[in-house]
Structures are given as C-alpha cells and as structure tokens.
S.K.: 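Let me begin by handing over the structure; questions about it come next.
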Protein chains: 2
Amino acid sequence: MASVTLSDVAREAGVSLATASRAINGSANRTVRPELRDRVLAAAAALHYSPDANAQAMARGRTTTLGLIVHDIADPYFSSIAAGVTTAAERAGLMVTLASTGHDPEREIAFIEVLQSQRARAIVMAGSRIEDETVNDRLRAALSAYRAGGGAVAMIGQPLFDVDTVAIENTAGAADLAVALHAAGYRRFAALAGPAGHLTARDRMEGFAAGLASRGAALAPEHIMRSAFTRDGGYEGMRELLDSGAAVDVVLAVNDVMAVGAMAAARDAGVTVGTGIGIAGFDDIVTLRDVTPSLTTVRVPLLQVGATATELTLGEPAAEPRLERVASTVVLRDSTPPRA
Amino acid sequence: MASVTLSDVAREAGVSLATASRAINGSANRTVRPELRDRVLAAAAALHYSPDANAQAMARGRTTTLGLIVHDIADPYFSSIAAGVTTAAERAGLMVTLASTGHDPEREIAFIEVLQSQRARAIVMAGSRIEDETVNDRLRAALSAYRAGGGAVAMIGQPLFDVDTVAIENTAGAADLAVALHAAGYRRFAALAGPAGHLTARDRMEGFAAGLASRGAALAPEHIMRSAFTRDGGYEGMRELLDSGAAVDVVLAVNDVMAVGAMAAARDAGVTVGTGIGIAGFDDIVTLRDVTPSLTTVRVPLLQVGATATELTLGEPAAEPRLERVASTVVLRDSTPPRA
DNA sequence: GTCTTGATGGTAAGCGCTTTCACCACCTCG
DNA sequence: CGAGGTGGTGAAAGCGCTTACCATCAAGAC
C-alpha cells in the first residue's frame with residue numbers, strides 16, 4: 001500500500017528528485033555522475049522501488065499500452081492473431097490490453113473509447129466488419145476521435161475505414177482454391193457461406209465464385225447455405241445441404257471451424273468425407289491440422305498478420321492509409337482427394 | 001494531440017474544475033445541481049472530452065487494470081481461460097492486460113514487475129509451474145512484492161504459492177479416467193507423460209497411476225514416454241512407443257493437444273485409433289471435439305476456471321490463501337471404445 | 001429574528017513522475 | 001587570466017485529475 005516513491009529513493013540516496021529520475025531512466029540530454037547513479041540505483045534496489053507507470057505516463061504524456069480488440073479470444077483464429085500481436089508488442093516494449101467483444105459492435109465501440117481513455121498508443125482491431133452503415137459510421141467516428149488524440153490504428157480485415165489495414169487475401173485465396181478443386185476433378189460445388197452481411201465470408205464466397213467462373217464452372221444458388229460463422233453453423237449448413245439431397249462433389253466452408261462442423265454433419269449423416277464428399281475450409285487453424293481426413297484449406301499466416309498489424313501502428317504515421325496485403329495459399333489435403 | 005482536458009470542459013460550462021469532475025463522475029457524497037450537471041455533460045459532449053484514465057488512476061490511487069499472464073495465448077487451453085477472464089473482468093469494470101510468456105519463467109517474473117508498475121489491481125496467472133525452486137523462489141518474491149503493494153493475485157494450477165488458487169482436479173480426474181478405462185476393458189496401459197518437472201503433467205500421471213492401482217492394474221515404467229507438452233511432443237512420444245513394439249491397449253496423453261499428436265502418429269504408423277489402440281487426452285478442448293475418432297478426455301471447465309480466478313482476486317482479500325477446486329469430469333468417446 | 005443544517009459550488013492541495021531552467025564548478029582557449 | 005563552453009545538480013513547474021476543506025445560501029428549527 002504505502003508504496004515507495006521516487007522521492008523516497010532520492011532521499012535515501014541523498015540526491016534530488018531530478019537526479020534520481022535521471023539516474024534511473026537515463027535522461028536524454030543529461031548525464032549523472034556514475035558514483036551518484038550507483039548510489040541511486042542501490043537505494044532503489046534496497047527500497048524495492050517500482051516506478052509508477054501511470055505517473056510516468058502522465059508526466060511523459062505517452063503510455064506504453066497497445067489495445068487489441070478481437071471478437072472472441074477463445075476462437076483460434078483470434079488467439080493466433082493475439083499471439084502475433086503480443087510478440088510484436090513486447091518487442092516494442094508495449095503491453096497489450098485485450099478486449100474480447102463477443103461479436104458485438106457496440107462493445108467494440110465502447111472498448112475503443114476505453115482505450116482512448118487509457119491513452120493507449122495504438123489499437124489493433126481484428127475481425128470481420130459487417131454491412132451495417134449505421135454501426136460502421138459510429139465505429140468510424142470513435143476511431144477518428146481516437147486518432148485525433150494521436151493514437152495509431154491498424155485493422156485486420158477489410159480496408160473499410162481510412163486506417164492502416166492488413167488485408168488477408170480472402171478473394172484471391174478462395175479463387176485459387178476453387179481453381180485447385182476444379183483441377184482436382186471436382187465439378188459440382190456447394191458452399192457454407194456464413195451469415196449474410198459478414199464481409200470476410202462474402203469476400204471468400206466471391207473469390208470462390210470467381211475462381212469457378214474462370215474455369216467455366218459455377219455455384220448454383222440453391223447450393224449456397226447461410227448459417228453462423230461457427231462450428232455449429234457449419235454443422236447446420238451441412239446438414240441442410242445433405243437433407244436437400246443436392247448432388248454435390250465438394251463443399252467450401254468459409255472457415256475451418258465451420259468446415260469441421262460440416263465434417264461432423266457429414267459423418268453423422270453417414271457420408272464419407274473425402275471419397276463421398278469433399279470439404280474444404282479456410283484459415284488453416286493450427287489446432288485443426290490433425291483432423292481426419294486432413295482438411296483442405298487456405299492458409300493464412302495469422303501470427304504474421306498480428307505482428308504486421310502491430311508494426312504498422314508503431315512506425316511513422318503515414319499520410320495515406322497503408323494497405324498491407326497478406327497472401328494466403330491453398331493447401332490441398334485428404335478432405336478433397338483428386339476426383340477420378 | 002491537443003486533447004481536451006477537464007478544465008476545458010469546466011471553462012466551457014462555466015463551472016469550476018471540481019464541479020465538472022463531480023458532474024461527470026458523480027462523486028460519492030456530493031451532488032451537483034441537475035442544471036449544472038447537464039451543462040457540464042453538454043460541454044463534455046460538445047468538446048468530445050475523454051477522461052484521462054492515467055490521471056484518474058493517479059489521483060484516485062487505484063487503477064482499473066487486471067493483468068493476465070499465460071504461457072501461450074495461441075494455445076486453446078489458455079485462450080479459453082483468457083475468455084473467462086476477460087468476461088469476468090469486464091463485468092467488474094476492469095480491462096485485461098495480457099502477457100504471453102512463451103513458457104519462460106523469467107518473462108513471467110518480468111511481467112509481474114511490469115504489472116506492478118502499472119499498479120494493476122490484480123494478476124491472474126495461468127499455466128503449470130515447474131519444479132525449479134530457484135525460479136519459484138524468485139517468482140514468489142515478485143508476487144509478494146506485488147501483493148505488498150496492495151495487489152491481489154490468483155493462480156490457476158497448483159497451490160504452490162501462498163496465494164488464492166484455482167486448482168483443477170488433475171489427480172482426481174485422471175484417476176477417474178483410469179478407472180473408467182479399466183472398466184471399459186482396457187488392461188495394458190501406456191502414457192505420454194509430458195516433460196519431467198511439469199507439475200500438471202505430473203499430477204495427471206500420478207492420478208492415472210493411482211486410479212489404475214485402485215483397480216489392481218499398473219502402468220509399466222517402460223510404457224511411460226517423456227516428451228514435450230505439445231502436439232509434436234504427443235506425436236513423438238507415440239511414435240517411440242509404437243516403435244518400441246510395446247503391447248498396449250490404450251495410451252493416456254496428459255493433454256488433448258498431445259493426444260491429437262498421438263492420434264496422428266498412430267495413423268501414420270498404420271494403427272487404427274479406437275479399435276487398434278485407445279487414446280485418451282485431458283482438458284476437452286472445444287476446438288478438438290470434432291476430431292475422429294472423437295477423443296476420450298477429461299473435461300475441464302476452462303472458461304469457468306478463468307472467471308473464478310478473476311472473481312477470487314476481486315473480493316475482499318482473505319487472511320488465508322483460498323483454494324478453489326474445480327471438478328473435472330471424464331468424457332468417454334470413440335477413441336476408447338469398450339473393449340470386448 | 002437568530003441559529004442550525006444540508007445542499008452546492010469553489011479553492012487548492014496533492015498523486016508520482018519528467019523536464020525545463022537556473023546555477024555552479026571546472027575546463028579550454030586566445 | 002578572463003571569456004565561453006560543458007558536464008552535473010537541484011528547484012520547481014507542470015501532467016490531468018480527485019477530493020479534502022471552505023464558503024455560501026436557503027430552508028427549517030426555536
């Protein structure tokens with residue numbers, strides 16, 4: 001409680017407050033005689049002095065905090081990004097303040113405001129935006145208020161706002177996947193497209209459709225199932241698809257977690273994944289690399305995405321919002337064996 | 001940059017600093033005339049005032065930060081705990097500061113010191129301790145320095161330090177699992193025991209052995225494989241076990257991630273998981289619920305563990321360190337079908 | 001009518017640090 | 001041998017808030 005302050009240290013060392021501060025932090029253009037410095041350091045150690053970061057932040061006018069806002073930290077997609085962010089932040093001497101919004105844009109906005117209060121140096125926001133201009137406008141307002149206060153922002157996802165963005169190549173990756181599947185002999189396609197208005201899902205769907213089109217194939221509208229962007233959403237979508245009796249060779253789930261749900265649904269329906277029906281996902285979640293049959297997917301380097309976003313906020317602020325594109329690569333595995 | 005301060009708001013509203021502060025925060029035993037309060041609030045809104053949390057922390061002498069220290073945020077075990085912590089923290093009006101140590105105890109200590117500097121209200125530490133008294137002593141010292149400053153601490157794991165602890169019933173759960181497997185007809189046991197000195201792994205192993213003993217069975221020392229507490233560790237351990245030609249019915253991996261690695265190794269060796277060899281894990285990681293065959297495991301309510309630990313730090317500090325035991329429950333699935 | 005009170009508003013004293021000045025020795029040259 | 005540096009040190013002014021502590025005023029209490 002009665003924590004020791006810098007003045008205590010100064011008194012103990014028999015120097016002024018100013019000298020103590022300089023000795024401990026090594027001031028920019030002032031030096032302290034080695035002998036004095038040692039005395040201060042010794043006193044600090046003896047008293048177990050721990051500088052008050054809040055006071056320092058206040059005096060220096062800048063903090064050492066970086067805010068990370070994700071939809072759901074328990075989701076492997078986001079926790080991988082978080083790992084990248086914490087690593088890069090630590091490298092830069094920043095602590096990460098984590099906010100998990102549970103997919104609620106209102107809480108996203110609220111957290112931006114809290115982080116603004118904390119005078120966080122930067123905010124990294126991950127997670128797909130949605131198509132709701134009312135909400136997006138408020139988000140935009142919150143972000144620009146934050147930036148007006150000198151904060152840096154990087155988004156991971158769609159380049160929707162005027163801020164630095166790390167964009168994952170959802171469209172291109174999905175197109176590549178479509179082409180690869182077509183090349184493997186698949187002809188009748190379906191998709192678990194996620195919820196309407198979900199931009200990441202939409203991009204992946206568009207890419208997939210475009211890829212198919214480039215090979216002269218197509219995705220029938222009745223083969224596009226809409227459901228939640230979750231494991232259970234994948235399960236539901238797949239069940240409905242199978243129930244509909246649609247004749248389909250392969251189905252794309254717009255993320256790995258949905259794909260795994262879809263695999264479970266197929267199994268429960270007695271359909272063999274792979275030889276019976278192909279299933280492909282997106283993200284290449286590490287934890288899911290060992291499902292059987294192994295899942296065809298599009299790899300997204302999530303740790304790197306997190307690190308890149310963090311670094312984007314750390315450098316000089318650019319005049320123009322920067323756009324960092326992160327390539328995604330198709331990984332064909334056993335869930336979509338070559339079709340004879 | 002030139003962020004607006006409370007004095008700006010006060011001037012704009014034509015009141016004193018004190019009144020502005022009281023109007024905005026609703027002081028404890030002071031009231032502000034509604035008319036004035038509205039004027040202040042209006043001014044604050046007009047100027048886009050955002051209180052400076054650092055200054056508030058400094059003036060109030062207490063922050064609204066809770067520190068969370070985990071080994072690896074990308075690990076589903078920890079990210080689930082983190083989800084529980086963020087939820088509980090938000091309920092209490094706290095922001096979570098996340099530190100991911102990469103299993104390095106030195107960084108654990110360093111982060112405790114940083115959190116102490118930030119004057120975080122509480123620290124939740126998750127992750128197995130190791131048997132290294134030198135390191136543990138330093139950790140203990142760092143924690144007690146932090147607590148001397150008024151901070152609360154809760155650990156998730158072994159009740160090793162004199163702090164509130166949420167202990168997962170590793171021993172009992174593993175014993176239950178052993179009994180259940182024995183009852184299912186398994187007789188020849190092996191284990192992927194994780195690294196030596198890893199306390200969680202050790203507890204699980206001891207529980208497993210005890211459970212077997214209670215049924216008159218035993219775990220042959222040569223069937224205990226030591227490897228990393230990771231997916232790859234599980235793979236390696238399993239491969240060695242299979243290579244050794246040991247005659248085994250079922251193998252316990254001390255966590256789910258290792259179990260999944262073991263399943264992969266079995267598959268690669270042409271051994272059928274389930275009918276060929278049983279495999280069981282521990283934790284019941286959500287993301288892994290859909291692996292095939294579905295994994296027998298011991299469920300640990302990780303979200304709840306995180307929430308409980310958080311709540312432990314929030315209430316009145318207890319004279320005695322509290323110990324909250326969280327039950328774990330056996331979940332038998334297809335990776336260990338009943339043995340005829 | 002005077003005296004208490006309770007409700008309000010303002011003044012000013014910090015909270016623990018950093019940093020600008022001012023000041024003081026000493027040096028180094030011309 | 002004085003002018004003009006040059007390191008080193010300390011005093012003190014904040015940083016943006018909260019919160020005693022006072023001062024004021026109107027409404028009741030006697």
S.K.: Taking atom C1' of D/dA13 as reference, at what distance in whole Å does atom CE of A/Met58 sit?
M.R.: 14 Å
S.K.: Identify whether any heavy atom of A/Ser21 sits under 4.0 Å from a base atom; if not, whether one sits that close to sugar-phosphate; answer base, sugar-phosphate or nothing.
M.R.: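 The answer is base, as A/Ser21 lies within the cut-off (heavy atoms under 4.0 Å) of a base atom.
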S.K.: Report yes if some heavy atom in the side chain of B/Pro76 is under 4.5 Å from a heavy atom in the side chain of B/Phe78; otherwise report no.
M.R.: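 Side chain of B/Pro76 against side chain of B/Phe78, heavy atoms only: no contact under 4.5 Å found.
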S.K.: D/dG14 P sits how many Å from A/Asn54 CG, rounded?
M.R.: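 These atoms are roughly 22 Å apart.
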S.K.: Whether the A/Ser50 and B/Arg119 side chains hold a donor-acceptor pair (N or O, under 3.5 Å, no angle test) is what I'd like checked.
M.R.: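 Side-chain D/A pair, A/Ser50 to B/Arg119: present.
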S.K.: How do A/Pro51 and B/Gly14 order along DNA chain C: which one's closest nucleotide is nearer the 5' end?
M.R.: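 It is B/Gly14 whose nearest nucleotide is closer to the 5' end.
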S.K.: Measure from CG on A/Leu36 to P on D/dT9 and round the result to the nearest Å.
M.R.: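 For the pair A/Leu36 CG and D/dT9 P, the rounded distance is 4 Å.
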S.K.: Tell me: CZ of A/Arg22 to C1' of D/dG7, nearest whole Å?
M.R.: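 In whole Å, D/dG7 C1' and A/Arg22 CZ are 11 Å from each other.
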S.K.: Tell me whether the side-chain N/O atoms of B/Asn25 come closer than 4.0 Å to OP1 or OP2 in D/dT18.
M.R.: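 Answer yes for this pair, as a side-chain N or O of B/Asn25 is under 4.0 Å from OP1 or OP2.
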S.K.: Assuming nearest nucleotide by heavy-atom distance, tell me which of A/Leu6 and B/Arg33 is located more 5' along DNA chain C.
M.R.: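 The residue closer to the strand's 5' end, by nearest nucleotide, is B/Arg33.
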S.K.: Starting at CD of A/Gln118 and ending at P of D/dC17, how long is that distance when rounded to a whole Å?
M.R.: 14 Å
S.K.: Does a side-chain heavy-atom distance below 4.5 Å link A/Leu47 with A/Glu12?
M.R.: yes
S.K.: With the side chain counted from C-beta on, respond yes when B/Tyr77 and B/His71 share a heavy-atom pair under 4.5 Å apart, and no when they do not.
M.R.: no
S.K.: Should the heavy atoms of other residues, nucleotides or ligands under 6.0 Å from CG of B/Asp162 be counted, would the total exceed 12?
M.R.: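 No - once you tally the heavy atoms of other residues, nucleotides and ligands closer than 6.0 Å, there are 12 at most.
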S.K.: Distance under 4.0 Å to a non-hydrogen atom of chain B counts as contact; along DNA chain C, which nucleotides mark the start and end?
M.R.: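 Span of nucleotides near chain B: C/dT8 to C/dG16.
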S.K.: Ignoring hydrogens and geometry beyond distance, is a side-chain donor-acceptor pair present between A/Ser128 and A/Thr200 at under 3.5 Å?
M.R.: yes
